[in-house]
Amino acid sequence: MDALVILIPLMPLSAAAAVGLGHLFGFIDGETGESITADIVGWAITMSCLLALALLGADLLGKNTGIYTLGHWLNSDTLDIPVNFITTGFHVRLAALFAVLLALVIRFSMNYMHREAGYHRFFFMLSLFSSAMLLLVLSGNAVGTFIGWEIVGLSSYFLIAYAYDRPVAAANATRVFVTNRIGDAGFILGIGLTYAWVGSINWNDLNTAAAQLSSGEATAIALSFSVAAFAKSAQLPFTSWLGRAMEGPTPSSAVFYGAVMVHAGVYLIILLRPVFEYSTLAMAVLAVVGLITAVYSFVVGLTQTDVKSSLIFATSGQLGLMFLECGLGFWQLAGWHLCAHAVVRGYLFLTAPSLMHNVHGLSVDSSQRKASVGDTPAWKYVASVQRFWLDPITDWALVKPVRGLAHDLSYFDDHIVDRVMGGAAPAIQAISSLAQLEERMIGAQLGNDSDRFAQGSGLAGKLTEWTAAILHWFEDRLVLRGIGKDTIKYGRQLGHIANKFEQSVLRPRYLVLFVLITLLVAF
């Protein structure tokens, strides 16, 4: 039964390939092709869901061995990167849950996205995301998880920028993409440290060797992966990107930021439980960051005026509680919390468009609302509405210094390095020496004797200019003026003779004679 794990991410990937190639070559296009796209994607994700449930059933019955290795992707010296999958435990349960949620969202999207201009593009990206997310959860090594991690982020970028003709959507998608790259840097650092200190990048090997790691080594690995988890699950100071991600269609918001993708960071922390348990500092960081994010999201969520923003800050608050639970050592509670929250939040996002219809006729006690608002200090209300100025603070603390550093480096390069080393300048003014001589002869006829061979600036540039001038003088005086004119004359005559010979050889009678001679020699 372990072999079923290969097909779980492969089915959505095949659907993405079929839809993408069909749309690219014009076989699937427009409203008439919507049913074809829906059938391909729907059946693929349904089969993936059934396979995930079958794998889960086999695991509950004790039929799975725990790890399935398909082969080796890369083997160099001591570095071995296998293509392996985990087929037991929390990984399989979470993959089955995510597969069910993905199937529901895709079914919901078939009617919701009807007659949209980017219908086929949407389902292509959603299928690619489904494959990547299932690979992320089931992969048995850090490289496989990272590949799924990156494809998930790329899919998120394209679906946030679904309406790419709107500048706000494109700008928000770029902001989200760049912010998550910070987390990717932490993930890559964690992989490097794991290989350096453990000698393997398999998750099972890392968790098994956690007891042999020193406290500092375990802390370094744990904190590196913590940065990746904080960025992917929108914990402080990365929480602001989650609000910008609401530019995409509602189904993509539900599956990315409600039900599935946003939980990837919590999954990574639970996956590395043994490593974190050997690092008191890393556990404390998880608890503190989770608690602060939960409080921040609760306060900011009180003043949101649209349903999506309210849901998104409720999501980040619940994720903060999951990190707090992990930091306090309640690992099983965090796992159950993740699964329950994925179901509830996915449902809330999918029903958000019909919220006005569902609350029609309900009355609100305006006196209680005014009293609650009146009891709140003005500065707290303003800070909550402005989301505690998290984006401006990030720009001031990170973006502005980086831009200033880039400006200073550019100034240093232009005004100091270039003046010492010399800037790049064209060294020659002609294609060949013969062409130089012809141009010089024409210039002499026109009375223009001021021809400079090369120009340079700075110390190195001037030395190069003087060396080039000496070599140019030698070539001009002793070579070209001595034999250059005769060479030009005889070269042109030789060219005319070669052209006449070629025209003669290409005549039909000579060409046939040449072929006959070749055949006689050959046989």
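For this chain, numbers begin at 1 and follow the sequence in order. Bear in mind the structure is a predicted one, so any value in this text is a computation, not a measurement.
Minimum heavy-atom separation, G317 to A294: O-CB, 3.7 Å. Scanning all heavy atoms of the two residues, the minimum distance from C326 to I270 falls at SG-CG1, 4.1 Å. The nearest pair of heavy atoms linking A173 to A161 is CB-CB, 3.6 Å. Shortest non-hydrogen contact noted between I6 and P9 is O-CD, 3.4 Å. When all heavy atoms of F225 and G190 are compared, the closest pair comes out as CZ-C, 3.5 Å. Nearest approach of L138 to A95, heavy atoms of both residues: CD2-CB, 3.6 Å.
Taking the side chain as every heavy atom from C-beta outward, L324 and V288 never approach each other to under 4.5 Å. Residues I106 and S130 have side chains in contact (heavy-atom distance under 4.5 Å, counting atoms from C-beta outward). At a threshold of 4.5 Å between non-hydrogen side-chain atoms, the residues N141 and I81 count as touching. Using a 4.5 Å cut-off on side-chain heavy atoms (C-beta onward), V152 and S156 make no contact. Residues V176 and Y157 fail the side-chain proximity criterion, which asks for heavy atoms closer than 4.5 Å. Contact annotation: the side chain of C339 approaches that of L94 to within less than 4.5 Å [non-hydrogen atoms, C-beta and beyond]. Between Q235 and L319 there is a side-chain heavy-atom pair separated by less than 4.5 Å. Proximity of M261 to V255: side-chain heavy atoms (C-beta onward) are nowhere separated by under 4.5 Å.
Q304 places a side-chain N or O within 3.5 Å of a backbone atom of V300 that can act as its donor or acceptor partner. Side-chain atoms of W241 come within 3.5 Å of backbone N or O of F238 as a donor-acceptor pair. Remark: the backbone N or O of V262 is paired with a side-chain donor or acceptor of S233 at under 3.5 angstrom. With S200 contributing its side chain and N202 its backbone, the two residues share a donor-acceptor pair below 3.5 Å.
The salt bridge (charged side-chain N to carboxylate O under 4.0 Å, His left out) contacts involving residues 245-254 comprise R166-E247, where partners must be two or more places apart or lie in separate chains. A side chain to side chain donor-acceptor pair (under 3.5 Å) check over residues 40-67, counting only residues at least two apart or in different chains, returns the pairs D2-T65, T46-R107, D59-T88. Residue pairs that meet the ring-ring contact (aromatic ring centres under 6.0 Å, His included) test with at least one member in residues 315-349, sequence neighbours left out, are F230-F323, H263-H341. Pairs of residues two or more places apart, or lying in two chains, that qualify as salt bridge (charged side-chain N to carboxylate O under 4.0 Å, His left out) and include a residue from residues 270-287 are R273-E277.
Geometrically, R121 engages Y162 in a cation-pi contact, judged by NZ or CZ lying under 6.0 Å from the ring centre and within 45° of the ring axis. Because its NZ or CZ atom is both nearer than 6.0 Å to the ring centre of F177 and within 45° of the ring axis, R181 counts as a cation-pi partner of that residue.
A search for ring-ring contact (aromatic ring centres under 6.0 Å, His included) contacts involving F146 returns F187, not counting sequence neighbours. Take F276 and apply the ring-ring contact (aromatic ring centres under 6.0 Å, His included) test, not counting sequence neighbours, and it matches no residue.
Exactly one of V41, L128, I40 qualifies for a side-chain contact (heavy atoms from CB on, under 4.5 Å) with F123. That residue is V41. When each of S279, S226, S214, S224 is checked for a side chain to side chain donor-acceptor pair (under 3.5 Å) with T219, only S279 meets the rule.
To the nearest 0.5 Å, atoms OG (S127) and CE (M125) are separated by 9.5 Å. C49 SG to I45 CD1: the interatomic distance, rounded to the nearest 0.5 Å, is 7.5 Å. Interatomic distance, Y267 OH to F90 CZ, rounded to the nearest 0.5 Å: 8.0 Å. Rounding to the nearest 0.5 Å gives a distance of 3.5 Å between CD1 of I312 and CG of L242. Expressed to the nearest 0.5 Å, how far CD1 of I67 lies from CG of N204 amounts to 5.0 Å. The distance from atom OG1 of T174 to atom CD1 of I160, rounded to the nearest 0.5 Å, is 9.5 Å.
Taking the six-membered ring wherever Trp is involved, the centroid distance between the rings of F85 and H91 does not fall below 6.0 Å.
At a cut-off of 3.5 Å, with distance as the only test, a side-chain donor of W149 or D184 sits close to an acceptor on the other residue. Side-chain contact of T37 with Y119: a donor-acceptor pair under 3.5 Å is absent, judged by distance alone. Under 3.5 Å, the side chains of W203 and S139 contain no donor-acceptor pair of N or O atoms. Remark: the Y257 side chain and the S252 side chain contain no N/O donor-acceptor pair separated by less than 3.5 Å.
The neighbour count for Y112 OH, taken as heavy atoms of other residues, nucleotides or ligands under 6.0 Å away, is above 12.
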